[in-house]
Structure formats: C-alpha cells, structure tokens
Amino acid sequence: MVLKNRVLLTLFILLLLAAFGLPFLSYAPNRLLSGKSISLISLLHGPALWLLLPLLALAVLSLLTPTRNRALLTACVAAVLLTIIFWLSGYTAQQLALQGSPLARTSWSSGCWLMAALSGLIAADAMTRITPSHLWRILGNALVVVPVALLLFTHRLDQLSLLKEYHNRQEVFDAALLQHLTILLATLVPALLIGVPLGVLCFHANRWQTPIFSTLNIIQTVPSIALFGLLIAPLAGLAAAFPWLAKLGISGIGMAPAIVALVLYALLPLVRSVVAGLQSVPASVIESASGMGMTRGQIFFGVQLPLALPLFLTGVRILAVQTVGMAVVAALIGAGGFGAIVFQGLLSSALDLVLLGVIPVIAMAVIVDSLFKFIISMLEVTAR
C-alpha cells in the first residue's frame, strides 16, 4: 500500500496516541497538590461524542491523495477538532466546579496539550498545501484559532485552572504585559540605531567586517545570565558616580542592564541582515542608477534600501522574536515582565502560574513573527 499523505498520517497517529494514551485533564483539590488524571475516554459521552467526527474525518483524509481542496477540508476539520478540544476541557471544568470546592483546580494535562498542538500542526501543514503565499497562510492560521478565541472571550473556559490564575492576578498580568512590551521596544530602537549604521559600514568597508563580526560573535556566545551579571557592577558604579543617571533609572539591576544586554545580543542578526540585504542588490541595478545621474545617497535610499528591505526586515524579525524570549530571563535582575510571573511560579511550585507567564510569551513571539512575515509578504507583493 502506497501512503498518499505521510505527514498527515503521522500527525494523525500521534494525535490518537495523545488522545487515548495520555491523560486529558487533571483535577486537584488546590493549585499546589498533584491532580488526579482524567482520561478522554471517560469523557466521551453526550455532546463530547462530537469529538469522534473530526477524528474520523482526519483518518479518511490521511489515506487520500493530498489535493488543494482536501487540504482546505483538512484545515477546517483541524480547526473544528481544536475547538471541540478546548470546549470539552472548559465544559468538564465547569461540571467539576459545581461538584468540588472553590479551591479545586482543573487543568489541561499532557494529552490535551499535545492534541491541541498536533491539531495546530495539521492545520498549518494543510495551509502550506493550500497556498504558497505567506500572507494567506498567516490569515488562514489566524482563522483556525478564531473559534478558540470566541470560547475564551465568552467565558466558556473560565473554570480552568489557568484562567482562574489569570483572574486572580489580572492586574499583575497586565503590568507584566506592558513591561514586556516596553522591554521589546526599548531594545529594538537602540538596536536599530546602532546596528543599521554598523551594517552599512561593514558593507562599504570590508576591512571592518572581520573585527565587527568577531566582536558580535563573542558577545553572542556569552550566556545571557552571565552577561546580565557582568553588567551589574559597571552600571551600579556609573549610577553611584553620577547620581543623575540613577534618577534616570540606570542602576545595577532593573531595566538598564537588561536593555543593554538585549541590545548587544540583537546586534549580530541585525548587522548580518543589513549586510546580506545590501549585498543582494544586483550590481547592474546600481550601475544603471549611477548612469542615470543619481548620487550615492540617492542610490542608497532610492534603490539599494528598498531592494534590501525584505532581507533587512527578516533580521529585525529574528531579533524581535529573540528579544521576546530572552526578556523572560531578564526578570532575574529585576527587569519585570512575564519572566517575573514565571519565576514566581517556579519558586512556589505552581505550574499554572508558570504557564501564565510562558504562554503569553509564546503567543507574543508568534504574533511578532507573523506580523513581520506579513509585512515582508506585502513588500514582496508590492515589488512584483
């Protein structure tokens, strides 16, 4: 027998193993105690039986030759499956909340997490077969999670442990979100102001490439926690020597060493992308522009920069996603953000609190990555 769609079949088999081989939910008397596992099979009665329909549809589609129409159907089925998974978890949590104490917690277990992740992967794989356009893929993947977002905003998931943790700490969460965005923007702006001129310098003066890239590579190899630690003493010394710097918020701990370290980490991918983008501009185009009487400045801003922009934005996308993730570690030196929630959860052995900090970071990284891909796709479409 010749397998028609190996990727979908593999993901579907993993999906079945996660669904029926791992616990679906966990129910605990409170957030600190270990929970009792709840299997998916024990929940398959009444409205929950609708879960079997998308599973059956995926089983059939995995055995058929992949076509564009079938890929579209696969994406729709994966979206339905994802929605039912979240609805079932929220519905079960509501039923258990009526029976137990207010301190009891119902949380997603490994089976639920893997089923949701594999459903998303199935939808994403189907999107790649539907269209080669990054723009339409992003829009398609966004539509897949719209029903789940509706469940969230209509309070169907409020009895889940993670949502209870959010409602208990909403002010802290909102402050962490604002702080994390502040760290991201405070890193991107100086990184662009420093990295773009360095990239242009490396492009026009080859003799500077080796020392600049060697220095940036050394910085990149230093572990983030070590770099944060190395910056504490000199910044604290500057704040002590110049009190006006301390009034501006510069000190050995807090935002200042975090921003400095994150900017240093951001320079290597940014400078590389600037150089790669400028090198991608054909020499014939520059010669033609020069032959038309354009000055070096006009050639750079009117010809080279627009053509190099997609590659340049790719570098900005990489450093933005990198900064979102590394800002979590910056909480260790008092920078705040979602890292503060993560480490607080680790210290109190509260998994839901850890997830409350981790999941928004993942979501933010995906959104930032998708946003830059969207902009790059629009530029590529405009260039055509």
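Counting begins at 1 with the first residue of the sequence. Worth saying up front: this structure is predicted, and the values here are computed from it rather than measured.
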Phe312/Leu278 under side-chain contact (heavy atoms from CB on, under 4.5 Å): CA gap, chis, key distance, verdict: CA-CA 9 Å; Phe312 166 65; Leu278 294 174; over 6 Å; no
The test is side-chain contact (heavy atoms from CB on, under 4.5 Å); show your working for Asp352 and Ser107 and say whether it passes. CA-CA 8 Å; Asp352 292 317; Ser107 56; 4.0 Å; yes
Verdict with supporting geometry, Phe213 and Val275, side-chain contact (heavy atoms from CB on, under 4.5 Å): CA-CA 11 Å; Phe213 278 122; Val275 174; 4.1 Å; yes
Could you go step by step and tell me if Cys112 and Phe24 meet the side-chain contact (heavy atoms from CB on, under 4.5 Å) rule? CA-CA 5 Å; Cys112 186; Phe24 186 72; 3.9 Å; yes
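Here CG of Leu25 is found 11.0 Å from OG of Ser161. Values are rounded to the nearest 0.5 Å. Annotation: the span from Phe12 atom CZ to Leu118 atom CG amounts to 11.5 Å, rounded to 0.5 Å. Here the CG atom belonging to Asn217 is positioned 12.0 Å from the CD1 atom belonging to Ile212, to the nearest 0.5 angstrom. Separating the CG atom in Leu193 from the CG atom in Leu198 is a distance of 11.5 Å, to the nearest 0.5 Å. Note that CG of Leu267 and CG of Leu192 are 10.0 Å apart. Values are rounded to the nearest 0.5 Å. Of the inter-residue distances, the one linking Leu188 atom CG with Ile183 atom CD1 reads 12.0 Å to the nearest 0.5 angstrom.
Annotation: side chain of Leu332 is in contact with side chain of Phe343 (closest heavy-atom distance under 4.5 Å). Using a 4.5 Å cut-off on side-chain heavy atoms (C-beta onward), Gln99 and Tyr27 make no contact. With a 4.5 Å cut-off on side-chain heavy atoms, Gln95 and Gln159 do not count as touching. Using a 4.5 Å heavy-atom cutoff, the side chains of Pro360 and Leu177 are not in contact. The shortest distance between side-chain heavy atoms of Leu53 and Trp50 falls below 4.5 Å. Using a 4.5 Å heavy-atom threshold, the side chains of Val263 and Ile259 count as touching. Taking the side chain as every heavy atom from C-beta outward, Leu40 and Leu51 approach each other to under 4.5 Å. The closest side-chain heavy-atom distance from Thr74 to Arg129 is not below 4.5 Å.
Taking the six-membered ring where tryptophan is involved, the planes of Phe338 and His180 are tilted, since the angle between them lies from 30° to 60°.
Using modelled atom types and a 3.5 Å distance limit, the side chains of Asn168 and Glu165 yield no donor-acceptor pair.
A continuous path of ILVMFWY side-chain contacts below 4.5 Å connects Leu49 to Leu43, so both sit in one hydrophobic cluster. Residues Ile218 and Ile194 do not share a hydrophobic cluster, defined by chaining ILVMFWY side chains whose heavy atoms lie under 4.5 Å apart. Both Leu55 and Val148 belong to a common hydrophobic cluster when Ile, Leu, Val, Met, Phe, Trp and Tyr are linked at side-chain heavy-atom distances under 4.5 angstrom. Leu143 and Val366 fall into different hydrophobic clusters, defined by Ile, Leu, Val, Met, Phe, Trp and Tyr side-chain heavy atoms under 4.5 Å apart, directly or through other members. A continuous path of Ile, Leu, Val, Met, Phe, Trp and Tyr side chains, each step under 4.5 Å between heavy atoms, connects Val7 with Leu72, placing both in one hydrophobic cluster.
In this structure, the side chain of Thr314 engages the main chain of Pro310 through a donor-acceptor pair within 3.5 Å. In terms of modelled atom types and a separation under 3.5 Å, the side chain of Asp369 and the main chain of Ala365 share no donor-acceptor contact. Of the possible polar contacts, one joining the Asn141 side chain to the Arg137 backbone as a donor-acceptor pair under 3.5 Å is found. Judged by distance alone, the side chain of Ser89 and the main-chain N or O of Phe86 form a donor-acceptor pair under 3.5 Å.
Considering Val321, Leu262, Thr187, Leu319 as possible partners of Met326, the one that fulfils the side-chain contact (heavy atoms from CB on, under 4.5 Å) test is Leu262.
Counting heavy-atom neighbours within 6.0 Å of Phe374 CZ, excluding the residue itself, gives a total of 12 or less. Within 6.0 Å of CZ in Arg156 there are 12 or fewer heavy atoms belonging to other residues, nucleotides or ligands. Residue Tyr166 qualifies as enclosed at atom OH: its count of foreign heavy atoms under 6.0 Å is above 12. Atom CD of Gln170 has more than 12 heavy atoms from other residues, nucleotides or ligands within 6.0 Å.
Looking at every heavy atom in both residues, Ala331 comes nearest to Ala340 through CB-N, 3.3 Å. Nearest heavy-atom pair, Ser348 versus Gln344, reported as atom, atom and distance to 0.1 Å: OG-O, 2.9 Å.
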